[in-house]
Chemist: 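Before anything else, here's the structure in question.
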Number of protein chains: 2
Amino acid sequence: MSNRRDAVHAILRQSEGFRSAQDVYAEMRAEGAKIGLTTVYRALQALSDTGHVDVLRTDDGESVYRACASGDHHHHLVCRRCGRTVEVAGPAVERWAEAIGSEHGFTEITHTVEVFGTCASCSTAAKPLRTPSRA
Amino acid sequence: MSNRRDAVHAILRQSEGFRSAQDVYAEMRAEGAKIGLTTVYRALQALSDTGHVDVLRTDDGESVYRACASGDHHHHLVCRRCGRTVEVAGPAVERWAEAIGSEHGFTEITHTVEVFGTCASCSTAAKPLRTPSRA
DNA sequence: TCGATTTTGACAATCGTTTTCATTTGCGCG
DNA sequence: CGCGCAAATGAAAACGATTGTCAAAATCGA
């Protein structure tokens with residue numbers, strides 16, 4: 001019966017970047033799948049609990065999920081325009097976090113690191129950013 | 001008239017770590033201050049807009065605020081037990097983020113970095129972590 | 001003091017997420 | 001094959017943080 005959970009996972013695998021729960025729900029509905037919002041949320045939680053997907057919060061407090069290639073610790077470089085995501089490793093950052101932590105007497109250090117930017121395709125495609133309408 | 005705004009700011013200055021809007025509101029009320037939740041939110045937004053306080057999201061999606069010493073770009077080392085916060089600078093991380101970004105063709109790089117841990121006082125005080133009840 | 005403008009705050013509205021709860025489904029067992 | 005239990009499902013209600021609304025109150029300038 002974890003059929004739905006797999007379906008949800010499938011949607012994420014098809015996606016390039018992070019998707020919100022509501023988003024996934026909408027897409028599944030659009031594809032004709034019979035599933036409830038509740039179940040999508042539950043599937044997403046289950047998947048993140050088992051480490052099958054990564055979760056992070058957008059600036060406006062929404063949780064977004066993504067099926068990640070590796071189960072290892074890694075970070076993301078996310079395009080703020082199209083959502084495309086690149087998994088990146090940052091040994092330097094890991095060490096920095098550890099160092100900073102112990103330097104201040106902290107133990108059990110964990111950290112969250114996300115990098116946002118505009119990817120190449122997006123910056124060439126639409127560029128309403130650099131439009132100096134004056135001076 | 002920005003009296004309230006200052007009052008809110010004062011509360012944050014008195015605090016060691018990050019506080020949530022509701023939290024600040026509750027404390028002000030407890031102290032007898034006459035202020036509405038709406039106003040607290042507005043003050044907090046104003047303060048973060050002007051850069052007087054830092055904002056970040058907790059894992060459960062709540063926004064928390066803190067009066068920060070410097071207006072410069074910096075990150076935090078937060079004690080997950082008592083909330084005590086240390087502001088840290090990480091030039092290495094800044095550079096890493098930039099590098100990773102451009103390496104993948106991303107522009108306008110921004111990043112979020114937060115380090116969590118258990119501070120010295122907390123790890124000595126309560127230590128339900130390393131309590132070998134003996135075999 | 002009068003009126004205009006800003007600020008305030010009680011309350012309703014939003015919105016994502018979670019909970020509730022009755023129903024459905026899968027499945028082992030007799 | 002039928003029964004019943006336990007997990008899964010989903011519609012709708014509940015929730016909690018945040019935001020919007022709007023009228024009352026404070027403040028300022030003339």
Side-chain angles (χ1 to χ4, degrees), chain A residues 1-12 15 17-67 78 80 83 85 112 114 116, chain B residues 1-12 15 17-67 78 80 83 112 114:
Chain A
M1 228 188 269
S2 48
N3 196 12
R4 319 293 171 165
R5 203 201 55 180
D6 291 339
V8 169
H9 197 183
I11 292 289
L12 289 181
S15 310
F18 283 86
R19 310 286 302 268
S20 72
Q22 314 260 353
D23 196 10
V24 169
Y25 170 67
E27 177 162 338
M28 295 184 76
R29 263 342 189 54
E31 287 182 1
K34 283 225 182 53
I35 191 170
L37 224 202
T38 311
T39 307
V40 172
Y41 272 105
R42 275 194 288 241
L44 252 13
Q45 280 174 314
L47 288 168
S48 72
D49 281 350
T50 57
H52 286 104
V53 303
D54 262 18
V55 198
L56 65 84
R57 295 261 178 184
T58 59
D59 277 349
D60 54 310
E62 203 178 13
S63 292
V64 287
Y65 308 80
R66 173 158 195 262
V78 187
R80 68 165 69 79
T85 304
T112 66
E114 301 301 337
F116 298 94
Chain B
M1 225 184 275
S2 47
N3 196 10
R4 320 293 171 160
R5 202 201 57 179
D6 290 339
V8 168
H9 197 182
I11 292 288
L12 289 180
S15 309
F18 283 88
R19 310 286 303 267
S20 72
Q22 313 264 353
D23 196 10
V24 170
Y25 170 67
E27 178 162 336
M28 294 185 78
R29 265 335 188 57
E31 286 181 2
K34 284 222 180 54
I35 191 170
L37 223 202
T38 311
T39 306
V40 172
Y41 273 104
R42 275 195 289 241
L44 253 14
Q45 279 174 315
L47 288 168
S48 72
D49 282 350
T50 57
H52 286 104
V53 304
D54 261 20
V55 197
L56 65 85
R57 294 261 178 183
T58 59
D59 277 348
D60 54 311
E62 204 176 13
S63 291
V64 288
Y65 307 80
R66 173 160 196 262
V78 187
R80 69 165 67 80
T112 66
E114 301 302 336

Chemist: Please list every donor-acceptor pair under 3.5 Å in which a side-chain atom of residues 45-52 of chain A meets a protein atom from a residue at least two apart or in another chain.
Modeler:
| residue | atom | partner | partner atom | Å |
| --- | --- | --- | --- | --- |
| A:Ser48 | OG | A:Leu44 | O | 3.4 |
| A:Ser48 | OG | A:Gln45 | O | 3.0 |
| A:Thr50 | OG1 | A:Ala46 | O | 3.2 |
| A:Thr50 | OG1 | A:Leu47 | O | 3.1 |
| A:Thr50 | OG1 | A:His52 | ND1 | 2.5 |

Chemist: Using the ring-ring contact (aromatic ring centres under 6.0 Å, His included) criterion, which residues pair with B:Phe18? Sequence neighbours excluded.
Modeler: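 Result, ring-ring contact (aromatic ring centres under 6.0 Å, His included) vs B:Phe18: B:His76.
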
Chemist: Starting at atom CZ of B:Arg19, determine the distance to atom P of D:dT18, rounded to an integer number of angstrom.
Modeler: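 Answer to the nearest Å: 14 Å.
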
Chemist: Specify the separation, in whole Å, of atom CG of B:Leu47 and atom P of C:dT7.
Modeler: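 Those two atoms, CG and P, are 13 Å apart.
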
Chemist: Find the distance B:Leu56:CG to D:dA17:P and express it as a whole number of Å.
Modeler: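 Interatomic distance, CG of B:Leu56 to P of D:dA17: 16 Å.
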
Chemist: May I have the distance from A:Gln45 (atom CD) to D:dA7 (atom P), rounded to whole angstrom?
Modeler: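 Nearest whole value for this atom pair: 17 Å.
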
Chemist: Nearest 0.5 Å, what's the CG-CZ distance between B:Asp54 and B:Arg66?
Modeler: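 One gets 8.0 Å once the value is rounded to the nearest 0.5 Å.
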
Chemist: Starting the side chain at C-beta, find the nucleotide from C:dT17, D:dT19, D:dT18 nearest to B:Ala21.
Modeler: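 Comparing C:dT17, D:dT19, D:dT18 against the side chain of B:Ala21, the answer is D:dT18.
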
Chemist: Take the protein atom OH of B:Tyr41 and the nucleotide atom P of C:dT8, then report the distance between them rounded to whole Å.
Modeler: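 The answer, rounded to whole Å, is 17 Å.
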
Chemist: By side-chain contact (heavy atoms from CB on, under 4.5 Å), which residues pair with B:Tyr41, not counting sequence neighbours?
Modeler: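 Checked B:Tyr41 against side-chain contact (heavy atoms from CB on, under 4.5 Å); matches are B:Ala21, B:Gln22, B:Leu37.
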
Chemist: Name each donor-acceptor pair under 3.5 Å that joins a side chain in residues 28-35 of chain A to protein atoms two or more places apart or in another chain, with its distance.
Modeler:
| residue | atom | partner | partner atom | Å |
| --- | --- | --- | --- | --- |
| A:Arg29 | NE | A:Ile35 | O | 3.0 |
| A:Arg29 | NH2 | A:Ile35 | O | 3.4 |

Chemist: Output the rounded distance in Å from CZ (B:Arg5) to P (C:dT8).
Modeler: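 B:Arg5 atom CZ is separated from C:dT8 atom P by 10 Å.
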
Chemist: Can you check the A:Asp6 CG to D:dA8 C1' distance for me, whole Å?
Modeler: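 So the two atoms are 13 Å apart, to the nearest Å.
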
Chemist: Can you tell me the distance, in whole Å, between the CG atom of A:Asp59 and the P atom of D:dT19?
Modeler: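 Value for this atom pair: 13 Å.
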
Chemist: Summarise how protein sits on nucleotides 10-16 of chain D as a single string, 5' to 3': B when a protein heavy atom is under 4.0 Å from the base, S for sugar-phosphate-only contact, - for no contact.
Modeler: BBB----

Chemist: Students often get this wrong, so: under 4.0 angstrom with heavy atoms, is B:Ser63 touching a base, only sugar-phosphate, or nothing?
Modeler: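 Contact class for B:Ser63: sugar-phosphate only.
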
Chemist: For A:Tyr65, what residues pass the ring-ring contact (aromatic ring centres under 6.0 Å, His included) criterion, not counting sequence neighbours?
Modeler: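 Result, ring-ring contact (aromatic ring centres under 6.0 Å, His included) vs A:Tyr65: none returned.
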
